*Asks:* 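Handing you a structure now.
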Amino acid sequence: MADMILQVNHLSKSFGSHEVLRDIDFTVKKGDVTSIIGASGSGKSTLLRCINLLEIPTSGQILYHGQNVAARGVKAPEYRSHVGMVFQSFNLFNNMTVLENCIVGQVKVLKRSREEARQHALQYLEKVGMTPYINARPRQISGGQKQRVAIARALAMDPEVLLFDEPTSALDPEMVGEVLSVMRSLAQEGMTMLVVTHEMAFARDVSNHVVYMNQGVICEEGAPADLFGNPQKQETRDFLSRFRST
Amino acid sequence: MDKFSKLFADILKLWGKYGGSYLTGMRNTLVLALVGTVIGCIIGFVCGVLNTIPYTERDPLPKRIILKLVRVIVRVYVEVFRGTPMVLQAVFIYYGLPYFTDNAVKFTNIWLAAMIVVSINTGAYMAESVRGGIISIDPGQTEGAKAIGMTHVQTMLNVILPQALRNIMPQIGNNFIINVKDTSVMFIIGFPDFFAAHRAAVGASYLYFPSASVEMVGYLTMTLIASFLLRWVEKRLDGSSDYELVQTDQLTMTAGTYNHPNKGTPFDEHSLEYKEERRKRCGKGGR
Ligand SMILES: Nc1ncnc2c1ncn2[C@@H]1O[C@H](COP(=O)(O)OP(=O)(O)OP(=O)(O)O)[C@@H](O)[C@H]1O
Ligand SMILES: [Mg+2]
């Protein structure tokens, strides 16, 4: 099982008495593009945040190459540098230019030289089509452009897996396309991705695995053709039909 | 009108005799205010950072206890030094030390004593400003930094503090100007500042009002120059509002389909609104 990157076992998370995630099990293999879909409040973001240790799971294991990173005493920063995350609200550093946003982590965390980091950053900024804006500051670019920079920033760390939490939900409709097209090309290049999304077309066409979450549990999962074409559970059918009608 | 010409003549007379000591006083006042503000800011930053180190139930007990204790100590420091007059603090420290040590330890250097008092006093104010500056930075940026593997210290130094510093620049300026004026109380421990020059001059010449006029104009000049310089520094910190396009953007489809760079995007407000809206919807969906 050398190509197994993440294995989530019996993961649960409660906020106070509110149990948001219950007994979640799933795996991420190298090259997988997994989409997580589900209604608002079903715990998709919480799951992603647990995987990146931005939230500490109440119980259960997150095995990263077999090592349980949810255990006490694990150095979260070290682990996080291998697992990139792209947020709904971009979360760029407002005190830095686009280029510096993509350099700082490489220099401070990966201890790369500035020049090496710069070259690396430029390479990924080119990939997301942001080369023209390397000297701009976050407040000077559009939402879609910010999200592309956020993707380049995550990629520049050479993560093994990239988590996306509704990367296009905060964008105006005309900017959604540019971000999705970047994600699509990443998927084609074999990047391992875990994407929470409300873009059903993306889930269906780009991912090779779809997870449907409902009220804190994984209700159904499978290949996109099966899950969208022939859903087994009533909840899944209801959820998907709501999407078709809207 | 002749009152004014008399005042003018008196001022000239005063200046002729004590001009040198007024100028030295001004210099001392400025140096004391500047050093006090800088050291005070450093104290404030240290306190502000210590006060905002996050801890969770997952952290080991000793760490949590130490952090709690640190917060209490900072709190007490802030309340005590913000809540008592600086003139009393000066007396308290200047005379308190020899009192308690039976004159074994006392301030031989009046400069040192004055700088300590002004720094500690400013630090108490800055601690709160810095804390405010830190928590005003959108937590999303902290998460963004964590997500690429930065530690708390790295996040603070590279992302949060530079922005907090920029945001509290007006307060730092405020403190500096307050210090220029309020160091006048340091005459109580014999510090030779601008106000002390006034006391010396009137003691010998009895020209109270003319000397007070000199002081008024002198203080106002110092604070106006300080305001002006601070504005300039803030402008510099903000950097250029333009940037150069390096080449064309291949992914944006047509001009006009996205917010133009110069228009800016009110991203923080937007995302906050969005989160609120989300939360409401989540609340409904969660039941
Ligand atoms: N920090 C928190 N404290 C308390 N409750 C929380 C917290 N974060 C999330 N929740 C709750 O957990 C539930 C799941 O939230 P989550 O954000 O994971 O949903 P989601 O599936 O991502 O929804 P959406 O599609 O709207 O983003 C919600 O009911 C929410 O109120
Ligand atoms: Mg969410």
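A quick note: this is a predicted structure, and the numbers were derived from the prediction, not measured. Lettering follows sequence order; numbering is per chain, from 1.
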*Asks:* Select one option (side chain, backbone, both, neither) describing which atoms of A:Phe87 are under 4.5 Å from chain B's heavy atoms.
*Replies:* side chain
*Asks:* Measure the spacing between CZ of A:Phe93 and CD1 of B:Ile160 and express it to the nearest 0.5 Å.
*Replies:* 8.5 Å
*Asks:* Under a 4.5 Å heavy-atom cut-off, does chain B meet the side chain of A:Asn52, its backbone, both or neither?
*Replies:* side chain
*Asks:* Going through the checks in order, is the side chain to side chain contact (heavy atoms under 4.5 Å, CB included) test met by A:Met85 and B:Lys146?
*Replies:* CA-CA 10 Å; A:Met85 176 128 176; B:Lys146 274 183 173 179; over 6 Å; no
*Asks:* Looking at every heavy atom in both A:Met96 and B:Asn158, which two are closest together, and how far apart are they?
*Replies:* CE-O, 3.3 Å
*Asks:* Inspect the surroundings of CZ in B:Phe228 and state if more than 12 heavy atoms from other residues, nucleotides or ligands are less than 6.0 Å away.
*Replies:* no
*Asks:* Could you please state which residues from residues 100-108 of chain A sit under 4.5 angstrom from chain B, measuring non-hydrogen atom to non-hydrogen atom, sorted by number, or 'none'?
*Replies:* A:Val104, A:Gly105, A:Lys108
*Asks:* Quick one: CG on A:Asn94 to CZ on B:Arg166, what's the gap to the nearest 0.5 Å?
*Replies:* 13.0 Å
*Asks:* Which distance, rounded to the nearest 0.5 Å, do you find between the OG1 of B:Thr151 and the CZ of A:Arg80?
*Replies:* 10.5 Å
*Asks:* Is A:Val20 close to chain B through its backbone or its side chain, or both, or neither, when contacts mean heavy atoms under 4.5 Å?
*Replies:* neither
*Asks:* For B:Val74, give me all partners under side-chain contact (heavy atoms from CB on, under 4.5 Å), at least two apart in sequence or on another chain.
*Replies:* B:Cys47, B:Asn51, B:Val70, B:Val78
*Asks:* Specify the closest pair of heavy atoms between A:Val109 and B:Ile148, including all atoms of both residues, with the distance to one decimal.
*Replies:* CG2-O, 3.7 Å
*Asks:* In terms of heavy-atom contacts, does CZ of B:Arg231 have more than 12 from other residues, nucleotides or ligands at under 6.0 Å?
*Replies:* no
*Asks:* Select one option (side chain, backbone, both, neither) describing which atoms of B:Gln154 are under 4.5 Å from chain A's heavy atoms.
*Replies:* side chain
